[in-house]
Amino acid sequence: MHARSFLLVALALTISVTAAASQSSATTRVSWTVLPFATLGLHGGGTAGDEVTATTPLPTPGAADLARGYVEVPGAVGLTVRSNTAWTVLVEALSPNLGTSDDGTFTWSLDALQVGIGGRTVDVTTYPQVLATGHGGQHELTVDYRAELPEDGLPDGDYEAVLLYTITTQ
């Protein structure tokens, strides 16, 4: 009889522990942080690996271009910025000049090239220049090119500039 009492006490103790456990609760806290981000897209370009490229040829200067001293390419490149924070788009040239004439007697200086958005232009250099700034959201940017022509005209040659557009967050 003594063993039976022990079994009843043990059973009663187990039932009360189980009942107490069913009344307890646990709280789980879930939280996350959204980090600042910004992406830069290039319209009209193709992809090659991790790079997106677009080629914009400068037109052959006409009489009006020669008279005013520069050639323009409005809407040369389209950029799309997507961001959840303040951002800055930078531009820099990866080439030290715009090229050389066919006979090698003329090198078109990089100083001749400017890029702009909405009427604000910057000189293109071999180090990053601020092209545009903004805040979160999606923004479409149209980039215009302008190249100053040499006073004596532009000799026949192979001219190009390789430009790098980058975006940073603040």
Side-chain angles (χ1 to χ4, degrees), residues 26-62 64-102 106-151 153-170:
T27 302
T28 301
R29 186 177 189 194
V30 177
S31 62
W32 62 89
T33 301
V34 177
L35 298 175
F37 76 90
T39 62
L40 183 63
L42 178 66
H43 299 262
T47 59
D50 292 338
E51 296 180 7
V52 178
T53 60
T55 303
T56 307
L58 290 176
T60 302
D65 298 323
L66 294 171
R68 73 173 173 246
Y70 60 88
V71 63
E72 288 182 305
V73 183
V77 174
L79 304 173
T80 300
V81 173
R82 289 183 184 93
S83 177
N84 67 349
T85 188
W87 51 267
T88 300
V89 172
L90 306 161
V91 62
E92 68 183 289
L94 299 181
S95 48
N97 58 57
L98 299 178
T100 305
S101 63
D102 290 339
F106 172 77
T107 300
W108 201 1
S109 174
L110 186 59
D111 295 344
L113 185 61
Q114 295 180 325
V115 297
I117 295 176
R120 181 186 172 275
T121 61
V122 296
D123 294 328
V124 176
T125 65
T126 55
Y127 52 91
Q129 299 293 319
V130 174
L131 180 60
T133 59
H135 297 282
Q138 179 169 320
H139 307 274
E140 301 296 328
L141 307 176
T142 302
V143 182
D144 304 321
Y145 292 170
R146 178 179 172 164
E148 300 290 329
L149 296 170
E151 289 181 20
L154 187 62
D156 290 338
D158 187 19
Y159 305 109
E160 72 175 8
V162 177
L163 303 181
L164 174 65
Y165 295 93
T166 56
I167 190 166
T168 62
T169 60
Q170 297 154 357

Test side-chain contact (heavy atoms from CB on, under 4.5 Å) applied to [X] - qualifying residues, sequence neighbours left out:
| X | value |
| --- | --- |
| Ser109 | Asp111 |
| Thr142 | Asp144 |
| Leu164 | Glu92, Leu94, Thr166 |

[Y] and [X], any side-chain heavy atoms less than 4.5 Å apart:
| X | Y | answer |
| --- | --- | --- |
| Asp102 | Pro155 | no |
| Val91 | Val143 | no |
| Tyr145 | Val71 | no |

Count the heavy atoms belonging to other residues, nucleotides or ligands that lie under 6.0 Å from CD of Glu151, then report whether that count exceeds 12. no
Using salt bridge (charged side-chain N to carboxylate O under 4.0 Å, His left out) as the criterion, list what pairs up with Glu160, not counting sequence neighbours. none
Heavy-atom nearest pair, Ala38 first then Thr169, reads CB-CG2, 3.5 Å
Check Ala161 against Ser95 and note the closest heavy-atom contact, atom names and distance. CA-OG, 3.8 Å
Thr107: what forms a side-chain hydrogen bond (donor to acceptor under 3.5 Å, both in side chains) with it, not counting sequence neighbours? none
All N/O donor-acceptor pairs, side-chain side in residues 123-135, below 3.5 Å, sequence neighbours left out:
from: Asp123; atom 1: OD1; to: Gln114; atom 2: NE2; distance (Å): 2.9
from: Thr125; atom 1: OG1; to: Tyr127; atom 2: N; distance (Å): 3.3
from: Thr125; atom 1: OG1; to: Tyr127; atom 2: O; distance (Å): 2.7
from: Thr125; atom 1: OG1; to: Gln129; atom 2: NE2; distance (Å): 3.1

Let me know which of Val122, Val89, Leu141 forms a side chain to side chain contact (heavy atoms under 4.5 Å, CB included) with Ile117. Leu141
Measuring from atom CG of Leu90 to atom OH of Tyr165, what distance do you get when rounded to the nearest 0.5 angstrom? 11.5 Å
Going by ring-ring contact (aromatic ring centres under 6.0 Å, His included), name the residues that satisfy it together with His139, two or more places apart in sequence or in a different chain. Trp87
ring-ring contact (aromatic ring centres under 6.0 Å, His included) partners for Tyr159, two or more places apart: Trp108
Donor-acceptor list for residues 75-86 side chains, cut-off 3.5 Å, not counting sequence neighbours:
from: Thr80; atom 1: OG1; to: His43; atom 2: NE2; distance (Å): 2.5
from: Thr80; atom 1: OG1; to: Glu140; atom 2: OE1; distance (Å): 2.8
from: Thr80; atom 1: OG1; to: Glu140; atom 2: OE2; distance (Å): 3.4
from: Arg82; atom 1: NE; to: Gln138; atom 2: OE1; distance (Å): 3.1
from: Ser83; atom 1: OG; to: Phe37; atom 2: O; distance (Å): 2.9
from: Ser83; atom 1: OG; to: Thr85; atom 2: N; distance (Å): 3.0
from: Ser83; atom 1: OG; to: Thr85; atom 2: O; distance (Å): 2.8
from: Asn84; atom 1: OD1; to: Phe37; atom 2: N; distance (Å): 2.8
from: Asn84; atom 1: ND2; to: Leu35; atom 2: O; distance (Å): 3.2

Show me the pairs that pass side chain to side chain donor-acceptor pair (under 3.5 Å) and involve residues 26-36, at least two apart or across chains. none
